[in-house]
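These notes are about the structure you will find just below.
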Protein chains: 2
Amino acid sequence: MGQVRNILFIMCDQLRADYLGCSGHPTIKTPHIDALAKRGVLFTNTFCQAPVCGPSRMCFYTGRYMQSHGSTYNGVPLNIGIPTLGDHLRELGVTTGLIGKTHMAADRAGMKRLGIDPASDDGILASQCGFEPWERDDGLHPEGGNDPNLAYNVYLREQGYEGDNPWHDYANSGLDKNGEIASGWRLRNAHLPARVEARHSETAYMTTQAMTKIGDLGDTPWCLHLSYIKPHWPYIAPAPYHDMYGPEDVIAANLGEREKNDPHPVIAAFMAHEESRNLSDEDKRRHVIPAYMGLISEIDDNIGRLMAFLKKQGRLDDTLIVLTSDHGDYLGDHWLGEKELFHEESVKIPLIVANPDSACDATRGSHLDALIEAIDLIPSFVEALGGTAKPHVLEGKSFLPLLEGDNGTEWRDEVYSEVDYAFRGARLALGLKADEARAYMVRTERWKYISYDNFRPQLFDLSKDPNELIDLGTSKLHDEIRKNLATTLNEWLRLRRNRITIADHEIDKRTDNYKDRGIFFGVW
Amino acid sequence: MGQVRNILFIMCDQLRADYLGCSGHPTIKTPHIDALAKRGVLFTNTFCQAPVCGPSRMCFYTGRYMQSHGSTYNGVPLNIGIPTLGDHLRELGVTTGLIGKTHMAADRAGMKRLGIDPASDDGILASQCGFEPWERDDGLHPEGGNDPNLAYNVYLREQGYEGDNPWHDYANSGLDKNGEIASGWRLRNAHLPARVEARHSETAYMTTQAMTKIGDLGDTPWCLHLSYIKPHWPYIAPAPYHDMYGPEDVIAANLGEREKNDPHPVIAAFMAHEESRNLSDEDKRRHVIPAYMGLISEIDDNIGRLMAFLKKQGRLDDTLIVLTSDHGDYLGDHWLGEKELFHEESVKIPLIVANPDSACDATRGSHLDALIEAIDLIPSFVEALGGTAKPHVLEGKSFLPLLEGDNGTEWRDEVYSEVDYAFRGARLALGLKADEARAYMVRTERWKYISYDNFRPQLFDLSKDPNELIDLGTSKLHDEIRKNLATTLNEWLRLRRNRITIADHEIDKRTDNYKDRGIFFGVW
């Protein structure tokens, strides 16, 4: 074990924190991920800063809260003025690239305004969220999708899977009883085996691409963001993962009658979405979740393959390995499907960190319950590589001390998450304009407070109600708690780090130094 | 009178709202500015969004609140991702340029990150806050300053004012009794005539440059930002302005014993600054203010010259003319010098708008008391030119309806201003770190509420205490008022427009349209 030279930053998409063996799922099999957790630590209270793919990822990739980077939903371009992970790491001489998904939308207007050619090296980096796009693939390719030459489709065709879009017709579809293509876009087909061999699936393909790239990089220090689309829908897995699990392996839904019968207005609007109605149907849920679990076990097997490769290459000794997810998946809990709201099923994420540094030996195999934010990753990466994180730009902080045995008493008391549901039908159902659909979460060890623009807040007492079935948002007994958490939220809103173009230590140098610069004012 | 084709955006620096004849000053002579107000309207309740040069100007130039653009103090670079006035107007085909001061600091790190050559056309615009720098001159040029070829210095030398820095030695210095150079950097020299003829002063020079440029532009639609450094210090004026006013012309200081003896901690720290101690000394104040007034009358004469030129050129009929200032000047009021805090003397600014459109005839010569923010200028400019302002980027709103006779009942109830005094000695005296020195103002017609990080708030009842001498920040009788205004502030903090890369109408188009794009989730 030695000094960190490389970072392997693995992200799954829509992987719930509690759907791993090491995090306590009773039936799922994730032996390789569990082994990775044994080699490092499992952070059991990690939260994404926005429970939706794009904005969550932009938080991971910029180290800033959602409203601090402004990319508030899938497809909202990340402003060109916001530095990214790659910018922070390249300053340390670390080649930073991507294999898989980012959900980055380029700020074309900003690039045009500044005269940046999108096809230039700088333009490509700016368009790709600061990653060298070793292989960019956001993983959703409908008919008429905009990239006819998608590398994974080319690969599939080379393996004999034919047609314009084998991603859909093979990797994400099965065959029905009549031998017709049964699309994975439909939940009803979740039980079918996908029409690719597992070794040709997206998960296997991206893993292989990562291994090839790591081999090619040799001794060049690197940060590789290996970003799987799965277990995100389409919920359909290749054999043998398609029937590795059955309805009997599905844990009970986390549901309360009260939350169904007297829901918060925003929750009610989301409950009315098609995905919520379908996923909260127990039969459909038990039909779909086995495929979701199979996709996770498939990732797990590929993590095993990747770890064996790293071991063989000698890279386990100098590579910090992180495995996480951009957000969770309701899977019918709380009468909801998908994500976007702040229940633990949606906002809590898995986080495993294996740091080869011997300073971290004391915590290996531990489960740490400190409150972690996704935006803590960049500062941790920078410090692991021997750099100094920029607190005026990065709103999180390095968790390396926790790996090294710090007991976390001075760590932090709250985590935050934000959502902007302007793009969702729920917003229209609630009669809101596009700028009226923001919400915020403050979560402490005990409390979760959710503040919505235009609606009453919610409150959950996680110590008495860990399943979040009793909304104390109107409880008179909890007036004071809500008031205090509202104050905490407001103070946080005031402290966004907007002054990103100058470091505080530079300010200290320049404070009150007018006369040194020959400028005299108010001097008699 | 006709349709607006051009914008003449005149800014003075540190010109208090109440130091004009038209705004009620009893002794100052500003006949040409008063005539401009007669041709348009005088907005009597206009507020800068940051009472310091750089951040206030960045609010004017970006149409965004201070923390929304992040350039929180003089010298803090404006993030390259923030669009500016020039970007908004060039989209309308309007050439937008600068003569004078902006206080813009270029985001060199951002430009480097994005591969933008600072010397390229795009790099120059990005460095110059989106203005074509027809003549950039920030107006403060100490010995050893960084531009040996400053155009105004070259000009002065051509007129026979010799040396390395005639800006200082002539335009901003007098001669003492012994014939030695007496620097305008020192308040004690404010009574002396500057060593330039008035026709060679900065104010006259910049005015001439503006006239030349307007002539050269011909029928090309333009926005010219004519940005005078004066009446900002150095407080020294050329003859005859140096003794146009005497101590008898100086209005009484606005001072209270209570505010001196029991000040708010932040105010107390600013009172301890050298400029506050000197300017609140009545003898020194009466020595300095006549020079300040002379500099204003000098600007006024040049405004007269400029208006005569515009008339001759036929430009009065197609040019929207705006005259304002970046902030005020305490001039010893409230025991303070300079600006940076939120008393009216500092945060209120003059605003005259003369719109040639006949739709505005109804209000010509009026004083309008609607609450106006500096960030309202860009939306007003855009709409005057026939464009549509971008509300997802621009946080203010067009005041054109008020010019056209709208009675303002639906206008707005509050204005906001922000400060970050990290760079000031007061911050050190208060024992604060660089990220702990923010404050916010909410001002309604009646109330002014000031919220400081780390200190108690202030409150003034402007209806009973228009001079702001009675701080109700701890008054129990006003608990409810403060609470309500704190809520107003918090709601405003939540509504910053951070999602600047996509327009709300685009979001409306894309809301809930997944299936249209071939993406099916949660569909059985």
Side-chain angles (χ1 to χ4, degrees), chain A residues 67 70 72 76-77 79-83 87 107 109-110 113-116 120 122 126 140 142-144 185-188 233 273-275 278-279 284 337-338 422-425 427-428 434-435 438 453 490 493-494 498-502 504 507-508 510-512 517-524, chain B residues 67 70 72 76-77 79-83 87 107 109-110 113-116 120 122 126 140 142-144 185-188 233 273-275 278-279 284 337-338 422-425 427-428 434-435 438 453 490 493-494 498-502 504 507-508 510-512 517-524:
Chain A
Q67 292 288 351
T72 59
V76 174
N79 186 283
I80 196 152
I82 310 288
D87 299 312
D107 182 3
R113 180 170 63 78
L114 295 166
I116 299 167
S120 69
D122 292 312
L140 294 180
E143 298 305 310
W185 288 123
R186 307 287 167 164
L187 297 177
R188 68 174 71 245
W233 42 262
H273 281 174
E274 186 172 15
E275 72 275 9
N278 280 329
L279 268 302
K284 291 174 182 163
E338 283 279 274
F423 285 83
R424 296 308 310 277
R427 192 259 296 181
L428 302 178
D435 61 354
R438 298 186 190 184
D453 284 354
N490 287 328
L493 285 168
R494 293 168 74 117
N498 300 320
R499 193 177 59 196
I500 68 171
T501 55
I502 187 168
D504 287 7
I507 293 177
D508 285 335
R510 295 192 207 172
T511 298
D512 207 19
R517 292 185 284 131
I519 291 180
F520 298 85
F521 60 87
V523 179
W524 179 251
Chain B
Q67 292 288 353
T72 59
V76 175
N79 185 282
I80 197 152
I82 310 287
D87 298 312
D107 182 4
R113 180 169 64 78
L114 295 166
I116 299 166
S120 69
D122 292 312
L140 294 179
E143 299 305 311
W185 289 123
R186 308 287 166 164
L187 297 176
R188 68 174 71 247
W233 41 263
H273 282 174
E274 186 172 17
E275 71 275 10
N278 280 329
L279 268 302
K284 291 174 181 162
E338 283 280 275
F423 285 83
R424 296 307 311 278
R427 191 259 296 181
L428 302 179
D435 61 353
R438 298 187 190 185
D453 284 354
N490 287 329
L493 285 168
R494 292 167 75 116
N498 300 321
R499 191 178 59 195
I500 69 171
T501 55
I502 188 168
D504 286 8
I507 293 176
D508 285 335
R510 295 192 207 172
T511 298
D512 207 19
R517 292 186 282 130
I519 291 180
F520 298 86
F521 60 87
V523 179
W524 178 252

Selection from B/I82, B/N498, B/D87 maximising heavy-atom pairs under 4.5 Å formed with chain A: B/N498
side-chain contact (heavy atoms from CB on, under 4.5 Å) with B/W524: which of A/E274, A/R188, A/E275? A/R188
Between B/R494, B/K284, B/R427, which has the largest tally of heavy atom pairs under 4.5 Å with chain A? B/R494
Measuring from B/D512:CG to A/R424:CZ, what's the distance to the nearest 0.5 Å? 6.5 Å
Can A/R186 be said to sit on top of B/F520's aromatic six-ring, NZ or CZ under 6.0 Å from centre and within 45° of the ring axis? yes
Check whether any side-chain N or O of A/R113 sits under 3.5 Å from a backbone N or O of B/G81 as a donor-acceptor pair, and report yes or no. yes
B/L428, part contacting chain A, at a heavy-atom distance under 4.5 Å: side chain
Counting only non-hydrogen atoms closer than 4.5 Å, does A/I116 touch chain B with its backbone (N, CA, C, O), its side chain (CB onward), both, or neither? side chain
For A/N490, does its backbone N or O pair with a side-chain atom of B/N490 as donor and acceptor, under 3.5 Å? no
Counting only non-hydrogen atoms closer than 4.5 Å, does B/D504 touch chain A with its backbone (N, CA, C, O), its side chain (CB onward), both, or neither? both
I'd like to verify something: which residue of A/I500, A/L493, A/N278 has the highest number of heavy-atom pairs under 4.5 Å with chain B? A/N278
Side chain from CB out, backbone as N, CA, C, O: work out which of these in B/N79 comes under 4.5 Å of a heavy atom of chain A, or both, or neither. both
Need one label for B/A422: side chain, backbone, both or neither, based on atoms under 4.5 Å from any heavy atom in chain A. both
Please classify the contact of A/Q67 with chain B as side chain, backbone, both or neither, using a heavy-atom distance under 4.5 Å. both
Top contributor to chain B interface from A/V76, A/L114, A/D453, A/I80 [non-hydrogen pairs under 4.5 Å]: A/L114
So which of B/S120, B/G110, B/P83 has the biggest tally of heavy-atom pairs under 4.5 Å with chain A? B/P83
Minimal heavy-atom distance between B/P142 and A/G518, with the atoms involved, is CB-O, 3.3 Å
Residue selection (most heavy-atom pairs with chain A, distance under 4.5 Å) from B/A434, B/A126, B/G337, B/G115: B/A434
B/I519, part contacting chain A, at a heavy-atom distance under 4.5 Å: both
If one checks every heavy atom of B/R517 against chain A at 4.5 Å, the contacting part turns out to be backbone
Is there side-chain contact between B/L140 and A/F521, with at least one heavy-atom pair below 4.5 Å? no
Measure A/D107 against the heavy atoms of chain B and call it side chain, backbone, both or neither at under 4.5 Å. side chain
Counting heavy-atom pairs under 4.5 angstrom with chain B, the leader among A/T501, A/D122, A/I502 is A/T501
Give, for atom CD1 of A/I507 and atom OG1 of B/T72, the distance between the pair rounded to the nearest 0.5 Å. 6.0 Å
